[in-house]
Trainee: 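First the structure, then my questions, so here it is.
Starting from 1, each residue takes its place in the sequence as its number.
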Amino acid sequence: MQTYKKFLLAAAATLVFSANAMAAEKLKMGIEAAYPPFNSKDASGQVVGFDKDIGDALCAKMKVECEVVTSDWDGIIPSLLAKKYDFIVSSLSITDERKQAVDFTDRYYSNKLQFIAPKNSDFKVEKTDMASLKTALKGKTIGTQRATLSGTWLEDNFSDDVKSIKLYDTQENAYLDLTSGRVDALLADKFVNYDWLKSEAGKNYEFKGEPVVESDEIGIAVRKGDPLREKLNAALKEIVADGTYKKINDKYFPFSIY
């Protein structure tokens with residue numbers, strides 16, 4: 001009888017250990033879900049997009065179960081630090097300022113910043129040197145999403161030249177103001193603009209000039225010192241090497257954004 005009891009206790013302990021191990025392998029990924037085609041919600045309310053697909057592929061390589069947790073853009077890093085999720089895969093630019101708060105993986109895509117405006121607009125960007133851009137932006141109202149690289153870049157370089165810089169909580173609201181005529185032009189990520197220009201709402205708008213920022217690398221954020229960073233980097237290398245990344249890329253873009 002004593003042997004049987006010991007066996008039951010050992011079996012129970014094993015089950016508890018296994019349950020704890022499985023729980024430890026569940027990760028939460030933070031996503032804004034308001035930035036198509038990288039992240040948004042479909043008609044059923046499910047999070048979809050390039051970022052979500054990349055996150056799912058990385059979790060599969062790491063052999064962990066992952067759950068999506070959505071966040072407003074302004075709170076996306078504070079919520080990571082508050083441990084509401086384990087990593088952010090939400091088109092987050094790698095910047096020196098953000099590196100003070102979080103650690104980043106290697107890039108998972110490369111981005112550029114480019115203006116869009118109405119096709120018949122007098123807003124023109126013929127050259128991308130600072131002097132030419134100051135002339136092009138003189139007296140204009142420019143929209144961009146708040147707390148983004150484009151917002152920071154505009155405020156740091158052109159606050160004294162433009163009529164005003166309007167900052168939006170989401171990119172979707174920025175597009176709404178552009179189509180309503182409340183701003184003369186928008187500055188945003190090239191590939192987000194590319195997707196919107198193909199839509200019915202964007203058919204009367206176009207890119208203006210060449211990209212004004214070419215070196216915007218997008219990474220996955222984790223809390224400082226978290227070993228998850230290296231696991232994500234290893235998984236990222238795997239999905240690039242085995243063609244998984246290309247399949248996801250080709251689902252959204254007819255060109256590589258890596």
Trainee: Is it true that Asn193 and Tyr175 share a donor-acceptor pair across their side chains at a distance under 3.5 Å?
Mentor: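 Judged by distance alone, the side chains do pair up.
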Trainee: Do Tyr35 and Asp51 get their side chains close enough for a donor-acceptor pair, meaning under 3.5 Å?
Mentor: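 There is no such pair (donor and acceptor under 3.5 Å, judged by atom type) between the side chains of Tyr35 and Asp51.
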Trainee: Output the distance between atom CD (Glu67) and atom NZ (Lys26), rounded to the nearest 0.5 Å.
Mentor: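 Interatomic distance, Glu67 CD to Lys26 NZ, rounded to 0.5 Å: 8.5 Å.
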Trainee: When you compare the side chains of Gln145 and Glu172, does any donor N or O come within less than 3.5 Å of an acceptor on the partner?
Mentor: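 Checked: Gln145/Glu172 side chains show no N/O donor-acceptor pair below 3.5 Å.
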Trainee: Got a sec, which residues hit salt bridge (Lys or Arg N to Asp or Glu O under 4.0 Å) with Glu97, two or more places apart in sequence or on another chain?
Mentor: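 For Glu97 there are no salt bridge (Lys or Arg N to Asp or Glu O under 4.0 Å) partners, ignoring immediate neighbours.
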Trainee: Apply side chain to side chain contact (heavy atoms under 4.5 Å, CB included) to the pair Tyr168 and Thr170, showing each step before the final yes or no.
Mentor: CA-CA 5 Å; Tyr168 297 90; Thr170 68; 5.8 Å; no
Trainee: Considering residues, nucleotides and ligands other than Lys119, do more than 12 of their heavy atoms fall under 6.0 Å from its NZ?
Mentor: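 Count over threshold, so yes.
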Trainee: To the nearest 0.5 Å, how far apart are CG in Asp184 and NZ in Lys166?
Mentor: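 If I round to the nearest 0.5 Å, the distance is 10.5 Å.
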Trainee: Can you name the salt bridge (Lys or Arg N to Asp or Glu O under 4.0 Å) partners of Asp53, sequence neighbours left out?
Mentor: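 So Asp53 forms a salt bridge (Lys or Arg N to Asp or Glu O under 4.0 Å) with Lys251.
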Trainee: For Glu206, what residues pass the salt bridge (Lys or Arg N to Asp or Glu O under 4.0 Å) criterion, not counting sequence neighbours?
Mentor: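 Counting only residues at least two positions away or on another chain, Glu206 forms a salt bridge (Lys or Arg N to Asp or Glu O under 4.0 Å) with Lys208.
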Trainee: Specify whether Phe38 and Phe50 have parallel, tilted or perpendicular ring planes, treating 30° as the upper limit for parallel and 60° as the lower limit for perpendicular.
Mentor: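 Rings of Phe38 and Phe50: perpendicular, over 60°.
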Trainee: Enumerate the residue pairs fulfilling side chain to side chain donor-acceptor pair (under 3.5 Å) with a member in residues 228-245, sequence neighbours excluded, ordered by first and then second residue.
Mentor: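 Passing the test, one end in residues 228-245: Lys61-Asp242, Asp242-Thr244.
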Trainee: Ring centres of Phe115 and Phe207 under 6.0 Å apart?
Mentor: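 Aromatic pair excluded; centres sit 6.0 Å or further apart.
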Trainee: So which residues get pulled into Leu92's cluster when ILVMFWY side chains under 4.5 Å apart are joined, directly or through others?
Mentor: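 Other cluster members: Val69, Trp73, Ile76, Ile77, Leu80, Leu81, Tyr85, Ile88, Ile94, Val102, Phe104.
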Trainee: Which residue pairs satisfy the ring pair (Phe, Tyr, Trp, His ring centres under 6.0 Å) criterion with at least one member in residues 128-157, sequence neighbours excluded?
Mentor: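 Sorted result for residues 128-157: Trp153-Phe158.
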Trainee: Looking at Lys84, I want to see if its NZ is surrounded by more than 12 non-hydrogen atoms of other residues, nucleotides or ligands under 6.0 Å.
Mentor: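 No - once you tally the heavy atoms of other residues, nucleotides and ligands closer than 6.0 Å, there are 12 at most.
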Trainee: Could you check whether any side-chain N or O of Asn249 sits under 3.5 Å from a backbone N or O of Phe255, counting only pairs where one atom can act as donor and the other as acceptor?
Mentor: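 At least one qualifying donor-acceptor pair exists.
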Trainee: Verify the distance criterion only: is there a donor paired with an acceptor across the side chains of Ser150 and Thr148 at less than 3.5 Å?
Mentor: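 A pair is found: one side chain offers a donor N or O, the other an acceptor, under 3.5 Å apart.
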